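Just below is one structure, and these are the notes that go with it.
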Amino acid sequence: MVRVRFAPSPTGYLHVGGARTALFNYLFAKHNNGKFVLRIEDTDVERSTKESENSLIETMKWLGFDWDEGPDNGGNCGPYRQSERGEIYMEKAYELVEKGFAYEAYVYPEELEQLREEMLSRKVSPHYDEEMLAAFDTPERRAEYAQKGMKPVIYFKMPKKDFKLKDLIKGEVTFKEGTIGDFVILRSSGLPTYNFAVVVDDALMKITHVIRGDDHLSNTLRQLAVFEGLGFELPEFAHVSMILGPDGSRLSKRHGATSVEKYREMGYLPESVMNYLALLSWSHPEEKEIMSMEEMIKQFTIERVNSSAAIYDDQKLRWMNGMYIRELDDDKLAKLAIPYIVAAGQMTQEDADANYKWLREAVASIKKKIHQFDEVPEMISVFFEEPSFNIEWTKQIKEDDTDPAFIELYNQVKAADSWSIPDIYNLFKAVTKTVKVSNKKFYHMLRVVLTGEEDGPELVNIIHLIGRNQMIKRLERVVDTI
RNA sequence: GCUCCCAUCGUCCAGGGGUCUAGGACAUCACCCUUUCAAGGUGGAGACCGGAGUUCGAACCUCCGUGGGAGCGCCA
């Protein structure tokens, strides 16, 4: 039984990189009929917050993730918050001490820093070892600790040997002996450090495949050693390359929108975000680009995961979101667009409800134009506000020789008695039949006269939606000046 | 500094020794369609980091160089 986990730290919003890691884990689990576990890595009490955890979960649900075991829905290997697993780590840490794979140290952080600088000045890698740390373990120091109620820090004794890792993505990786020194597994606060907690949890939660970012590849050396010390069976590892910003450095806030929540706010669909993320370092065997979750699950294999880093450039995501938007039916489209219209103050929720049919057509008329829902208000503003008249329009119309067409149109509109979309089409046919005119120039300027813009919703829809009276009013201004 | 990872169009990917005059997608440009703008269609331009080696043959294998990234915390 395949078991994978996604283990975020609740220190902020879900990042696109984190979402991609979660997605790969999820796809791998589903593809293999395995389990997907959500574990919260909140051992850093300084930075972890409950709000972050909630937002993380909320965002993941929005994206469409579901997990078989996790902090909110439980499971057989819980608890799923590291902050609730303190005793387990403590127990395992002392188990290592008893076995001789770890030791207690009575050293103060300042002293450690001193040692470190000393080694650095001697141009040696700053590694700590038992002998070095034992110097601080005096009866006086122990008494001091006892008096202050402090606990010794537990160091893991790094074995003097090479470690080999067969990574599913990176291939065989060898960590040579002496690369790192002994390291802390249990802090003086009694809380475990990352590299220790991860191993204990992955083992106890029976994780079979650890799929994570390759920024953890170096850490794997420590984890390999801990796995061995604890006598746990090793899971498979797959280190996915990172997502970089456009300048090639690690993706961060300064590269713009990097949180999934931000994309949600901008009006991105979860389907397009997931689809786009799946394509970063992975590809469909037939190079398909737009695909459903089912298709991704069906096709996902680690073998097809690329080992090089990807630069995050959301232009393609934007395009993809447009593709997904165009597949939405008009009701769904309206439902998603209305909050943006209300937020922009163009309509109240009550108005929107009362004029739903009209609004649905208005939104449908811009379906092919928008890529994100936050573009809706700007795009449909023509329906709410009359553009201010510009005499340049008249000049341009005269120059185009389309003025007779405008006059004819004006007369026909005044004479019109019904205003359905087919009626409008017929009306235009009648105009262009009566007056010889360049369609391109005529319709272009008509749009400008009606909206003040050179692009926007479908012209027929604009005419239909603003209504005959508005049409006359807006045309009048130009006809009067011809 | 030390250790590890990575290297194909501007960007995301395909390519797992000959079928590569290197394929697709986004972006870009041109044209077509069209009742404007879009959407859609067609086409163009655009890349194997450098150097050795292995081989009859290398984008694909090896080594070196260069460039980029990550890790080296009582952060995760």
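Because the structure is a prediction, the values reported are computed rather than measured. The sequence lines fix the lettering, A, B, ..., with proteins before strands; numbering per chain opens at 1.
Nucleotide B:C56 is matched to B:G18 when pairs are restricted to Watson-Crick or G-U wobble geometry with both distances under 3.5 angstrom. B:C48 is unpaired under the criterion used here, namely a Watson-Crick or G-U wobble arrangement in which both key atom distances are under 3.5 Å. Pairing for B:C12 is with B:G24, a Watson-Crick or G-U wobble pair whose two hydrogen-bonding atom distances lie under 3.5 Å. If you check B:G40 for Watson-Crick or wobble pairing at under 3.5 angstrom, you find it paired to B:C32. Pairing of B:C72, defined by two Watson-Crick or G-U wobble distances under 3.5 Å, is identified with B:G1.
With sequence neighbours excluded, no residue forms a side chain to side chain donor-acceptor pair (under 3.5 Å) with A:S188. Remark: A:H209 engages A:F28 in a ring-ring contact (aromatic ring centres under 6.0 Å, His included) (not counting sequence neighbours). For A:F196, there are no ring-ring contact (aromatic ring centres under 6.0 Å, His included) partners two or more places apart in sequence or in a different chain. For A:Y145, the ring-ring contact (aromatic ring centres under 6.0 Å, His included) partners at least two apart in sequence or on another chain are A:Y106, A:Y108. In terms of the side chain to side chain donor-acceptor pair (under 3.5 Å) criterion, residue partners of A:Y312 (sequence neighbours excluded) are, by chain and number, A:Y263. With sequence neighbours excluded, no residue forms a salt bridge (charged side-chain N to carboxylate O under 4.0 Å, His left out) with A:D374.
In the displayed structure, A:E378 atom CD is contacted under 6.0 Å by at most 12 heavy atoms of other residues, nucleotides or ligands.
Comparing B:A52 with B:C60, their P atoms sit 14 Å apart, to the nearest whole Å. Nucleotides B:G40 and B:G23 are separated by 23 Å at their P atoms, to the nearest Å. Taking atom C1' on both nucleotides, B:G51 is separated from B:U66 by 10 Å, rounded to a whole Å. Remark: the separation of the P atoms in B:G53 and B:G71 is 38 Å, to the nearest Å. A distance of about 23 Å separates the C1' atoms of B:C6 and B:U54, rounded to the whole Å. B:U8 and B:U3 have their C1' atoms separated by 28 Å, given to the nearest Å. Nucleotides B:G16 and B:C61 are separated by 11 Å at their C1' atoms, to the nearest Å.
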Atom pairs under 3.5 Å, N or O on each side, protein against nucleotides 29-35 of chain B: can you list them with distances?
{"residue": "B:U35", "atom": "O4", "partner": "A:Y425", "partner atom": "O", "Å": "3.1"}

Would you list the protein and nucleotides 1-9 of chain B atom pairs, both N or O, that sit under 3.5 Å from each other?
{"residue": "B:C4", "atom": "OP1", "partner": "A:K176", "partner atom": "NZ", "Å": "3.0"}
{"residue": "B:C5", "atom": "O2'", "partner": "A:K170", "partner atom": "NZ", "Å": "2.8"}

Enumerate all atom pairs, one protein N or O and one N or O from nucleotides 20-23 of chain B, separated by less than 3.5 Å.
{"residue": "B:G23", "atom": "N2", "partner": "A:E287", "partner atom": "OE1", "Å": "2.9"}

In residues 4-13 of chain A, what donor-acceptor pairs under 3.5 Å come from side-chain atoms, sequence neighbours left out?
{"residue": "A:R5", "atom": "NE", "partner": "A:D202", "partner atom": "OD1", "Å": "2.9"}
{"residue": "A:R5", "atom": "NH2", "partner": "A:D202", "partner atom": "OD2", "Å": "2.9"}
{"residue": "A:S9", "atom": "OG", "partner": "A:E41", "partner atom": "O", "Å": "3.2"}

Would you tabulate the side-chain donor-acceptor contacts of residues 448-459 of chain A under 3.5 Å, counting partners in other chains and residues two or more places apart, or write 'none'?
{"residue": "A:T451", "atom": "OG1", "partner": "A:R447", "partner atom": "O", "Å": "2.8"}
{"residue": "A:T451", "atom": "OG1", "partner": "A:E453", "partner atom": "N", "Å": "3.0"}
{"residue": "A:T451", "atom": "OG1", "partner": "A:E453", "partner atom": "O", "Å": "3.3"}

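Closest contact between the side chain of A:Q315 and the listed nucleotides B:C26, B:A39, B:A76 involves B:C26. Of the listed nucleotides (B:G15, B:A76, B:A25), B:A25 has the atom at the smallest distance from the side chain of A:K316. Side-chain atoms of A:W319 lie closest to B:C26 of the nucleotides B:G15, B:C74, B:C26. Candidate nucleotides B:C74, B:C13, B:G24 were compared by shortest atom distance to the side chain of A:S281, and B:C13 ranks first.
Residue contacts shown for A:R212 are absent, as no nucleic acid heavy atom lies under 4.0 Å away. Across all strands, A:E46 comes closer than 4.0 Å to no nucleic acid atom at all (heavy-atom distances). Among the heavy atoms of the strands lying under 4.0 Å from A:L279 are primed sugar atoms or P, OP1, OP2 only; no base atom is included. As judged by a 4.0 angstrom heavy-atom cut-off over every strand, A:E41 is placed among residues touching the sugar-phosphate backbone only. Note on A:T220: nothing from the nucleic acid sits closer than 4.0 angstrom, heavy atoms only. Base engagement by A:R47 is indicated by at least one non-hydrogen atom pair under 4.0 Å involving a base atom. As judged by a 4.0 angstrom heavy-atom cut-off over every strand, A:G248 is placed among residues touching the sugar-phosphate backbone only. Residue contacts for A:H284: at a heavy-atom cut-off of 4.0 Å it reaches no nucleic acid atom on any strand shown. Within the nucleic acid shown, A:M379 has no heavy atom closer than 4.0 Å to any nucleic acid atom. Among the protein residues, A:V184 comes within range of the sugar-phosphate backbone only, with heavy atoms under 4.0 Å from sugar or phosphate atoms but none that close to a base. Within the 4.0 angstrom heavy-atom criterion, base atoms lie near A:V107.
Scanning residues 89-97 of chain A for heavy-atom distances under 4.0 Å to RNA chain B yields an empty list.
The side chain of A:R326 contributes an N or O atom lying less than 4.0 Å from OP1 or OP2 of B:G40. Applying the 4.0 Å criterion to OP1 and OP2 of B:A76, one finds that A:T43 has a side-chain N or O inside that range. A close approach under 4.0 Å does occur between a side-chain nitrogen or oxygen of A:R304 and OP1 or OP2 of B:G15. For the OP1/OP2 pair of B:A76 and a distance below 4.0 Å, the side-chain nitrogens and oxygens of A:R222 include no atom meeting the criterion. The phosphate of B:A70 has neither OP1 nor OP2 within less than 4.0 Å of any side-chain N or O from A:R250.
The closest side-chain heavy-atom distance from A:H31 to A:K298 is not below 4.5 Å. At a threshold of 4.5 Å between non-hydrogen side-chain atoms, the residues A:R141 and A:F136 count as touching.
Distance, A:H216 NE2 to B:G69 P: 19 Å, rounded to whole Å. Atom pair A:Q223:CD and B:C72:C1' shows a separation of 14 Å (rounding to whole Å applied). Atom CD1 in A:I180 sits roughly 13 Å away from atom C1' in B:G73 (whole-Å rounding).
By the 4.0 Å N-to-carboxylate-O rule, A:E104 lies too far from A:K151 to be salt-bridged with it. Ion pairing between A:E172 and A:K166 holds under the 4.0 Å rule for side-chain N and carboxylate O. Between A:E327 and A:K367 there is no salt bridge, since no side-chain nitrogen of the basic residue lies less than 4.0 Å from a carboxylate oxygen of the acidic one. Ion pairing of A:R116 with A:E111 is absent here, as no side-chain N (NZ or NE/NH1/NH2) approaches a carboxylate O to less than 4.0 Å.
Side-chain contact of A:D42 with A:Q82: a donor-acceptor pair under 3.5 Å is absent, judged by distance alone.
One can find a donor-acceptor pair under 3.5 Å joining the base of B:A76 and the side-chain atoms of A:N219.
A cation-pi contact, defined as under 6.0 Å to the ring centre and within 45° of the axis, is absent between A:K429 and A:Y425. In this structure, A:R20 is positioned above the aromatic face of A:F24, its NZ or CZ under 6.0 Å from the six-membered ring centre and within 45° of the axis.
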